[in-house]
Amino acid sequence: MFLKLTDYLRDMSRCARCSLCKFPPLAQIKSKRFSEICPSIARYNFHAYSGGGKLALGLAVAEGRLKEITDELVNVVYRCSACGACDSSCKYNTDLEVLWSIYALRAHLVEQGYFLPEHLMIIENLKKEDNPLGEPRQERGKWAEGLDIKDLSKGERAEVVYQAGCLYSYDPELSALARKTVTLLKQAGVDLGIRAGQESCCGSIAFQLGFVGEFIKFAESNINDWNVAGAKKVVTSCACGFWAMKVLYPLLGIKMNFEVLHLSEYLAQLLKEGRIKFTQSFPLRVTYHDPCNLGRKSEPFIPWQGKERKVLGQFILREPEKIVRRGWNGIYEPPRQIIRSVPGIELVEMERIREYTRCCGAGSGVKLSMDDFARWSASERIQEAKSVGAGAIITACSWCLRNFKDVLIDSEDEFKVYDIIELVEKGLGKIEI
């Protein structure tokens, strides 16, 4: 497929060990306190945990110089949320595929039978229940009970399909947000449907852990279901699902007859069209946390295939020219447009934002397998939000939301975290279900 470790030998061998993968570009750094960008190296403070360190490990594995795959090596490779910060920072000056080299290394390890026991549990949950949480498959659509909404699983058709995602479907607190979302979209006149109990995971977590075969099964099934349903748009609240559908699914070469949108994009469109109007004031100083999967990772990825040659002994020319994905074209403005549109809101930015955002730490199965690491990362981000005088942090990702909430609950901190749909509700007054 597109995760063969030897395909990334060029990237892994050209790492200059400059440590740019550990920090935002110098011009982006505002203070020493918030000057690192990689949660793994910040927590464990050993080069192997950095993007460059993983490239070195991957190169040694690909070239056969590491004869034994140890538990510690596997632990280092996976103690990472695969947030892509190392990739965006490295590409400030290079074109190395740091993140995809890490994905390829994980896929190679899985192929050889090496992974963490906790990850096997996640994959077993996916196989058995169609979600990584291990929640009963038959309760997938329970969040939508009592709502007057088209059910595509019963043959009904709709122009827009809403994909809630795993956490929004099963987490009792977050599923209430999914109910508010579909209610709001219906009130805005959207021809909306859901797949209810037949909705399944996007498969992104399987891909990020290196279980590529499992990912493909979910991707092919979802694409087929949406094509058959005749949907023109698939709108999801899940940033991980958005990334998978927007970036990974097209790589399979299967025709997708629908457009993929994150909820924040769609809400921003409805605001612009006047189908949603904010009338209530919500006076609060807030900051926005860019989810990795919605931001820098959502830029389309095209694996490069071609020929390269050196000119003057050092300059590399490629035919065809390589399209370098730097994270600049992620979904950054739509959530901010929504926030700024709410009367009374004051939006202040943190030091690390957009393509150089600091990960909350929950991604790539870390929240499910290394919750201590995930919560530590979230605590760091909350401290950054407080440092700019914000009274709340807004995000547009279920895993970020859950991670932030868990940290604040445990610490009995009165600092607030809101999902983007909750902020929309503040501007509307209340979404009547």
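Note: hydrogens, waters and symmetry copies are ignored here, and every other heavy atom, side chains too, is used.
Neither side chain, Tyr78 nor Ser369, offers a donor N or O lying under 3.5 Å from an acceptor on the other. A donor-acceptor pair shorter than 3.5 Å can be found between the side chains of Tyr44 and Arg79. Using modelled atom types, one finds no donor on one side chain facing an acceptor on the other under 3.5 Å when comparing Lys4 with His108. Between the side chains of Lys91 and Ser88, no donor N or O sits under 3.5 Å from an acceptor N or O.
Using a 4.5 Å heavy-atom threshold, the side chains of Leu55 and Asp11 count as separate. When side chains are defined from C-beta on, Tyr103 does not count as touching Val212, because their heavy atoms never get closer than 4.5 Å. Side-chain contact between Asp419 and Tyr168: present, with at least one pair of heavy atoms (C-beta onward) separated by less than 4.5 Å. With contacts defined as side-chain heavy-atom distances shorter than 4.5 Å, the pair Val160/Leu185 does not qualify. Between Leu368 and Trp399, the closest side-chain pair of non-hydrogen atoms falls below 4.5 Å.
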Would Ser19 and Lys22 satisfy side chain to side chain donor-acceptor pair (under 3.5 Å), going step by step from the backbone distance to the final call?
CA-CA 6 Å; Ser19 287; Lys22 303 171 185 175; 3.0 Å; yes
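Residue Thr183 holds its OG1 atom at 10.0 Å from CD of Glu425, rounded to the nearest 0.5 Å. Rounding to the nearest 0.5 Å places CD of Glu135 at 12.0 Å from NZ of Lys128.
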With a cut-off of 3.5 Å and sequence neighbours excluded, list every side-chain donor-acceptor pair involving residues 343-353.
unit_1 : atom_1 : unit_2 : atom_2 : d
Glu346 : OE1    : Arg285 : NH1    : 3.4
Glu346 : OE2    : Arg285 : NH1    : 2.7
Glu349 : OE1    : Arg336 : NH2    : 3.3
Glu349 : OE2    : Arg336 : NE     : 2.7
Glu351 : OE1    : Ser31  : N      : 3.3
Glu351 : OE1    : Ser31  : OG     : 2.8
Glu351 : OE2    : Ser31  : OG     : 3.2
Arg352 : NE     : Glu384 : OE1    : 3.0
Arg352 : NE     : Glu384 : OE2    : 3.4
Arg352 : NH1    : Glu36  : O      : 2.5
Arg352 : NH1    : Glu36  : OE2    : 3.0
Arg352 : NH2    : Glu384 : OE1    : 2.7

Listing, residues 240-249 side-chain donor-acceptor contacts under 3.5 Å, not counting sequence neighbours, or none:
unit_1 : atom_1 : unit_2 : atom_2 : d
Trp243 : NE1    : Lys297 : O      : 3.2
Tyr249 : OH     : Cys202 : O      : 2.7
Tyr249 : OH     : Asn222 : ND2    : 3.1

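With respect to the salt-bridge test (charged N to carboxylate O, under 4.0 angstrom), the residues Lys154 and Glu156 do not qualify. The residues Asp87 and Arg325 are annotated as not salt-bridged, no charged nitrogen and carboxylate oxygen being separated by less than 4.0 angstrom. One finds a salt bridge joining Glu173 and Arg402 here, because a Lys/Arg side-chain nitrogen approaches an Asp/Glu carboxylate oxygen to under 4.0 Å.
When all heavy atoms of Gly52 and Cys21 are compared, the pair lying nearest together is N-SG, 3.3 Å.
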